[in-house]
Amino acid sequence: MAKNISLARLRNIGIMAHIDAGKTTTTERILFYTGRTHKMGEVHDGAAVMDWMEQEQERGITITSAATTCEWKDHRINIIDTPGHVDFTIEVERCLRVLDGVVAVFCAVGGVEPQSETVWHQADKYAIPRIAFVNKMDRTGADFERCIHMITDRFGANPVALQLPVGKEDSFRGIIDLISGTMLLFDEETRGVKITEQPIPEDLREIFTAAQLTLIEKLADFDDGVMEKYLEEQPVSAQDLQRAVRKATLALDIVPVMCGSAFKNKGVQPLLDAVIAYLPSPTDIPPVEGVNSQGETVSRKTGASEKLCALAFKLATDPFVGSLAYIRVYSGMLKVGDKIFNPVKGKQEKISRIVKMHSNKREEVRELGPGDIGAVIGLRYTTTGDTLCELGDDILLETMIFPEPVISVAIEPKSKADEEKLFESLDRLAVEDPSFKISINEETGQTIISGMGELHLDIIVDRLVREFKVAANVGTPQVAYKETVSGVGSAEGEFVQQATGKSQYGHVVLEVSPLERGGGFLFKSDIDEELIPQAFIPAIQKGVEGCKDGGPLLGFPVIDIQVTLTGGSYHEEDSTEQAFGVATSIAFRKAAEKANPVLLEPLMDVEIILPEQFLGDVIGDLNSRRAKINGMDSRENGFQVITAQVALSEMFGYSTDLRSVTQGRANFTMQFATYGTVPQNIARKIIQKVKGIL
């Protein structure tokens, strides 16, 4: 690997998409054409370099994001291949946090699919420039134009085609480059290594001219030079077009659209050219901003002479070297032997070993420079989302917010000998994966593990057995219910303790009221200091916060409510923070019971693609699961797409039932949408079941 590549020649990109759109295959081809690997790994053979986990190879899906580095035309490209399955969306989130650009891969047949939307909006959140690659142009039903329209309709984006496919489905053989005005054909005997550049055939000339004019018209809106030449009807050069595309892409004004078939080795090298030409280098991104200990905004420019500022965006366990912390360096230099500071934990760390990752292989390096991505071995205190800076410096980057789990199972060791190993292994997995949670049920003493879906928990349990060699029994999946209130309730709580020595007194009046869905858990004080001094308000707020973990119905976490302190009293000598804390919990429980508490359940957005002849059976089955059908859409190839919202509790085992109803010809995707109120009759049954009432 060449050394000392300038910052302007560095690209940090992610490959993201819906499951089965061809992300990993595209990445495998990139590694082959850049010379990083000498054999094309195939996902369906379980031989993809980037899908190195046994579980990934068996299932043919990406579970954990894998990082690698390659070089193309004197540029270095750090690539992160992210998962497409919604259960592992946290992997995408934490990688996008540190990337400068993204290649969004779309299936030419499926177009914009549910998880494509999720990852696209995640990229919007971090304002990341992106290129769209319409893959699988060789597949039956491929439609390049339809994909572009879907990107516009679903995302409100401004896709701009830089290429046109030559043929489609079985007849797809190459691409027309709208910028250079040439046709590119990819030699099958050399697996696409040899590319032939030809003039555009006469029968495609009219389509090319119209498409290039559309490109110029769109770019004229964002580039004065192109606008001037367009208005004066002068020819616009390839250099003019490239400059305008880069400028508009970096400003998030357009999304360049490429096409090809990664599996058939067509269109990957032009995609690499586009990554270099249009996606940002670390010098193109704004200075990274954080806050210091005084809460003031501070920034660090990309540069080796700046103070060190880095972010640990992912932790992983390596069987050979132990814990790995994946690091993005924003400014300064991170060197072996350095002592650095973690302001989140308030701890000092020593850098003993630094590696560059190629999937699960490691390459030792002495330092990471600004804009670079690598991994540090053996950090003791650092976890996902922590900032790393110089000793004596004080900058804290924005931390990551992780979604709450929606599904849980009970787990227990098969033998006493496995008990300690199980808890140790679960703790290590929880450090790696912030969307995985462990808790103890206080009533039963059971250990409960929670995650983002059935597949997520399946993989966790599989890793326990294979990777950590722990034998465990696992219960049936349980839904992560929540509680809220639908009315307003007010109650007082009083705590009086007469004791020899020191008496205690606390008295509060609380009002509990509902917030809109997604409103969180808010505390507000509406009382005069004469009733309760300001010094006791934090203790009351802390007491309220402590109540949100156990609701009045079944002890599930409470969300979307506001608790207002409306009254109370104190005693000059006897009142204590502890007394007000106890009084608060008494008042909260009473007020919540009066405010008509209700049970909430996770609702999932479901998309089902199925042959038309099974439509009636599938809709009938969905209706029996309390589904709300949101829409139906016809595809040209005789398939229908159903979008619906369904309670997670009704979807256990759905994949088996759907296969049975459609003779194995349908597939579906499901992702968390929101929490909704459980119907009264069903809530009553759940409450009776949990409380053991027959």
Side-chain angles (χ1 to χ4, degrees), residues 404 437-446 448 480-516 519-600 675 683 686-688 690-693:
E404 285 295 312
K437 298 279 192 292
I438 310 156
S439 59
I440 305 293
N441 185 311
E442 290 180 7
E443 291 182 12
T444 64
Q446 285 181 304
I448 308 295
Y481 291 104
K482 307 273 189 196
E483 295 181 29
T484 192
V485 297
S486 58
V488 179
S490 183
E492 64 179 331
E494 189 176 41
F495 179 71
V496 183
Q497 188 178 62
Q498 303 290 344
T500 51
K502 175 98 174 121
S503 299
Q504 293 201 74
Y505 177 81
H507 170 228
V508 298
V509 180
L510 297 180
E511 181 184 272
V512 172
S513 56
L515 291 173
E516 286 185 4
F521 190 96
L522 300 180
F523 171 77
K524 198 170 115 186
S525 174
D526 272 353
I527 63 162
D528 198 282
E529 194 159 321
E530 290 179 7
L531 290 174
I532 299 175
Q534 188 62 35
F536 291 117
I537 302 300
I540 296 170
Q541 181 170 357
K542 191 176 177 186
V544 169
E545 290 283 334
C547 295
K548 72 179 181 182
D549 291 331
L553 285 175
L554 293 170
F556 290 117
V558 180
I559 61 170
D560 302 338
I561 68 166
Q562 178 170 294
V563 181
T564 307
L565 177 63
T566 58
S569 61
Y570 81 106
H571 190 282
E572 269 192 31
E573 292 180 6
D574 294 347
S575 285
T576 63
E577 290 184 356
Q578 184 184 356
F580 273 109
V582 176
T584 298
S585 62
I586 294 167
F588 177 84
R589 191 173 60 252
K590 288 180 183 175
E593 284 171 356
K594 289 180 182 178
N596 193 18
V598 291
L599 203 58
L600 298 175
Y675 270 89
I686 294 168
I687 292 167
Q688 289 174 348
V690 172
K691 289 185 173 178
I693 304 167

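One is the number of the first residue; the rest follow in order along the sequence. Because the structure is predicted, anything quoted here is derived from the model rather than measured.
Partners of I559 under the side chain to side chain contact (heavy atoms under 4.5 Å, CB included) rule, at least two apart in sequence or in another chain, are K482, L600, Y675. For D574, there are no side chain to side chain donor-acceptor pair (under 3.5 Å) partners at least two apart in sequence or on another chain. The ring-ring contact (aromatic ring centres under 6.0 Å, His included) search around F556 returns Y481, not counting sequence neighbours.
Residue pairs satisfying the side-chain hydrogen bond (donor to acceptor under 3.5 Å, both in side chains) criterion with at least one member in residues 519-539, sequence neighbours excluded, are absent. Pairs passing the ring-ring contact (aromatic ring centres under 6.0 Å, His included) check and including a residue from residues 572-600, sequence neighbours excluded, read F536-F580. Screening residues 580-595 for salt bridge (Lys or Arg N to Asp or Glu O under 4.0 Å) gives no qualifying pairs among residues at least two apart or on separate chains. Sorted by first and then second residue, the side-chain hydrogen bond (donor to acceptor under 3.5 Å, both in side chains) pairs with a member in residues 544-572 read Y505-S569, H507-S569, R517-D560, E545-K548, Q562-T564; sequence neighbours excluded. Annotation: side-chain hydrogen bond (donor to acceptor under 3.5 Å, both in side chains) contacts involving residues 576-587, sequence neighbours excluded, comprise Q504-T576.
The minimum heavy-atom distance between S490 and V509, with the atom names listed, is OG-CG1, 3.9 Å. Of all the heavy atoms in V508 and A587, the pair that sits closest is CG2-CB, 3.8 Å. Here the shortest heavy-atom pairing between A591 and V512 reads CB-CG2, 3.7 Å. Closest heavy-atom contact between V598 and S486: CG1-OG, 3.9 Å. Here the shortest heavy-atom pairing between V558 and F521 reads O-CD1, 3.7 Å. Of all heavy-atom pairs between V488 and P514, the closest is CG2-CD, 4.3 Å.
Checked by atom type and distance alone, the side chain of E492 never pairs as donor or acceptor with a backbone atom of G568 at under 3.5 Å. Here the side chain of E483 pairs a donor or acceptor atom with the backbone of L553 at under 3.5 angstrom.
From L599, atom CG reaches atom CD1 of I687 across 6.0 Å, with rounding to the nearest 0.5 Å.
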(request) Could you give me the CA-CA distance, side-chain angles and deciding distance for L510 and L565, then say whether side chain to side chain contact (heavy atoms under 4.5 Å, CB included) is met? (result) CA-CA 5 Å; L510 297 180; L565 177 63; 3.8 Å; yes

